[in-house]
Asker: 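The structure follows.
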Amino acid sequence: MSRFLQMAGLVIGLIGLVLQFTITVPASMAAGRSLLGSIVFYFSFFTILTNVGAVLVHASLLSPTGYAWFPAFAGRRMRAGVAVAITLVFIVYSTVLARLWAPEGLFLLCDILLHYVAPLNFVLWWLIAGADGKSRWRDISWWMIYPLAYLAYALIRAPFAGEVPYPFLDVAKNGAAGVTISALATTALFLGLCVLAVLADHGVARLRK
């Protein structure tokens with residue numbers, strides 16, 4: 001079951017990411033961005049970066065001999081961190097962002113694959129095979145680096161690019177106070193998910209005994 005979920009996660013993630021790239025870049029260039037600007041735009045989304053991380057975790061563990069193809073993504077701390085991040089992708093999109101637009105055609109397919117199917121598959125795989133009871137509370141400080149670094153990148157890039165990847169980060173429309181509240185709420189949610197991940201990791205390990 002775990003091997004099936006791992007292969008499914010790899011295939012789903014790759015299809016979603018490649019397809020999203022092939023339709024986003026031309027649409028972005030048609031909107032006036034350069035090729036380089038369109039590629040940067042594509043990789044400026046937390047959803048894309050997190051799904052890339054999930055694909056690399058799956059790919060790193062494919063070797064039948066146990067050798068890690070991508071050692072940095074094969075460790076238990078990375079697996080748990082990606083599980084937390086991709087859960088955030090699912091929650092924020094399904095509760096906040098999904099109602100802000102109505103994708104159609106291939107955009108809808110990518111939307112479903114990257115925001116729903118891939119996250120649910122990865123978390124299920126992690127609970128079955130990735131969790132090992134070795135997560136520590138100190139791991140949370142390591143996991144928090146990713147969302148905080150992403151938030152800093154998005155806000156620093158905004159005045160230069162004239163755009164933000166997510167509407168709740170738009171200072172021009174929401175004001176500094178509004179963006180601060182949204183950022184703090186999202187960070188608090190991520191922190192809560194980190195705590196839940198440590199508890200789930202230890203709980204799953206106890207159930208296996």
Asker: CG of L169 to OG1 of T180: how many Å apart, nearest 0.5 Å?
Answerer: 10.5 Å
Asker: Just by modelled atom types, is the V57 backbone N or O under 3.5 Å from a matching donor or acceptor in the S60 side chain?
Answerer: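 Checking the backbone N and O of V57 against the side chain of S60, a donor-acceptor pair under 3.5 Å is found.
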Asker: Can you tell me if S141 uses its side chain to pair, donor with acceptor, with the backbone of R138 under 3.5 Å?
Answerer: yes
Asker: Taking C-beta and beyond as the side chain, do W125 and R79 meet within less than 4.5 Å on heavy atoms?
Answerer: yes
Asker: For S44, is there any backbone N or O sitting under 3.5 Å from a side-chain donor or acceptor partner on Y150?
Answerer: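 Between the backbone of S44 and the side chain of Y150 there is a qualifying donor-acceptor contact (under 3.5 Å).
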Asker: Under 4.5 Å between side-chain heavy atoms, counting indirect links through other Ile/Leu/Val/Met/Phe/Trp/Tyr residues: same cluster for V84 and W137 or not?
Answerer: yes
Asker: What are the two closest non-hydrogen atoms of A98 and Y116, and how far apart are they?
Answerer: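 Distance-wise, the nearest heavy atoms are CB-OH, 3.8 Å.
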Asker: In terms of hydrophobic clusters joined by side-chain contacts under 4.5 Å, are W101 and F45 together?
Answerer: yes
Asker: OG of S34 to CE of M29: how many Å apart, nearest 0.5 Å?
Answerer: 7.5 Å
Asker: Can you measure from CG (L114) to CG (L109) and round to the nearest 0.5 angstrom?
Answerer: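 Between atom CG of L114 and atom CG of L109 there are 9.0 Å.
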Asker: If I compare all heavy atoms of M78 with all of A72, which pair ends up nearest, and what's the gap?
Answerer: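 Closest approach of M78 to A72, heavy atoms only: CE-O, 3.5 Å.
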Asker: Out of curiosity, does I156 fall in the hydrophobic cluster containing F168 (side-chain heavy atoms, cut-off under 4.5 Å, transitive links)?
Answerer: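 No.
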Asker: Which pair of heavy atoms, one from V123 and one from A83, lies closest together, and at what distance?
Answerer: CG2-O, 4.0 Å
Asker: Would you say the side chain of I23 lies within less than 4.5 Å of the side chain of Q20, judging by non-hydrogen atoms?
Answerer: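 Result yes, sub-4.5 Å side-chain heavy-atom pair found.
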Asker: How many angstroms lie between CG in D170 and CG in L155, if you round to the nearest 0.5 Å?
Answerer: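 Going from CG on D170 over to CG on L155, the span is 10.5 Å.
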Asker: Would you kindly confirm whether I86 and V195 end up in one hydrophobic cluster when ILVMFWY residues are joined by side chain heavy atoms under 4.5 Å apart?
Answerer: yes
Asker: Sub-3.5 Å donor-acceptor pair from the side chain of N174 to the main-chain atoms of P167, do we have one?
Answerer: yes
Asker: Would you confirm whether R3, through its side chain, and L62, through its main-chain N or O, come within 3.5 Å as a donor-acceptor pair?
Answerer: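 Checked: pair present.
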Asker: Please tell me if the side chains of V92 and L189 come closer than 4.5 Å, counting only heavy atoms from C-beta onward.
Answerer: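 A side-chain contact under 4.5 Å exists here.
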Asker: Roughly how far, to the nearest 0.5 Å, is CD1 of I39 from CZ of F21?
Answerer: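 With rounding to 0.5 Å, CZ (F21) is 4.5 Å from CD1 (I39).
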Asker: Indicate yes or no for a side-chain donor-acceptor contact from S94 to the backbone of I91 under 3.5 Å, with no hydrogens or angles considered.
Answerer: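 Such a contact is found between S94 side chain and I91 backbone.
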Asker: So Y166 and T47, do their side chains get closer than 4.5 Å, heavy atoms only?
Answerer: yes
Asker: Between C194 and M144, which heavy-atom pair has the shortest distance, and what is it?
Answerer: SG-SD, 4.3 Å
Asker: If you compare all heavy atoms of A118 against all heavy atoms of N51, which two are closest, and at what distance to 0.1 Å?
Answerer: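 Scanning both residues, the minimum pair turns out to be CB-OD1, 3.3 Å.
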Asker: With no hydrogens and no angle check, is any side-chain donor or acceptor of D111 less than 3.5 Å from a backbone partner on F107?
Answerer: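 No, because the side chain of D111 does not come within donor-acceptor range (under 3.5 Å) of the backbone of F107.
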Asker: What donor-acceptor contacts under 3.5 angstrom involve side-chain atoms of residues 4-19, with partners at least two apart or in another chain?
Answerer:
residue	atom	partner	partner atom	Å
Q6	NE2	H58	O	2.9
Q6	NE2	L61	O	3.2

Asker: Any non-hydrogen side-chain atom of F122 less than 4.5 Å from a side-chain atom of T87?
Answerer: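 When only atoms from C-beta onward are counted, T87 and F122 do not touch, as no gap falls below 4.5 Å.
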Asker: Without swapping roles, check the side chain of R136 against the backbone of K134 for a donor-acceptor pair under 3.5 Å.
Answerer: yes
Asker: State, yes or no, whether a side-chain contact exists between V40 and R157 at a heavy-atom distance under 4.5 Å.
Answerer: yes
Asker: Which residues satisfy the salt bridge (charged side-chain N to carboxylate O under 4.0 Å, His left out) test with R76, sequence neighbours excluded?
Answerer: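 Expected list: D139.
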Asker: Would you kindly confirm whether L100 and V171 end up in one hydrophobic cluster when ILVMFWY residues are joined by side chain heavy atoms under 4.5 Å apart?
Answerer: yes
Asker: When rounded to the nearest 0.5 angstrom, what distance separates CD1 in I140 from CG in L193?
Answerer: 10.5 Å
Asker: Identify the heavy atoms of W143 and A80 that sit nearest to each other, and give their distance.
Answerer: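 Closest approach of W143 to A80, heavy atoms only: CZ2-CB, 3.4 Å.
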Asker: Please determine which of Y93, Y146, F90 meets the ring-ring contact (aromatic ring centres under 6.0 Å, His included) test together with F46.
Answerer: Y146
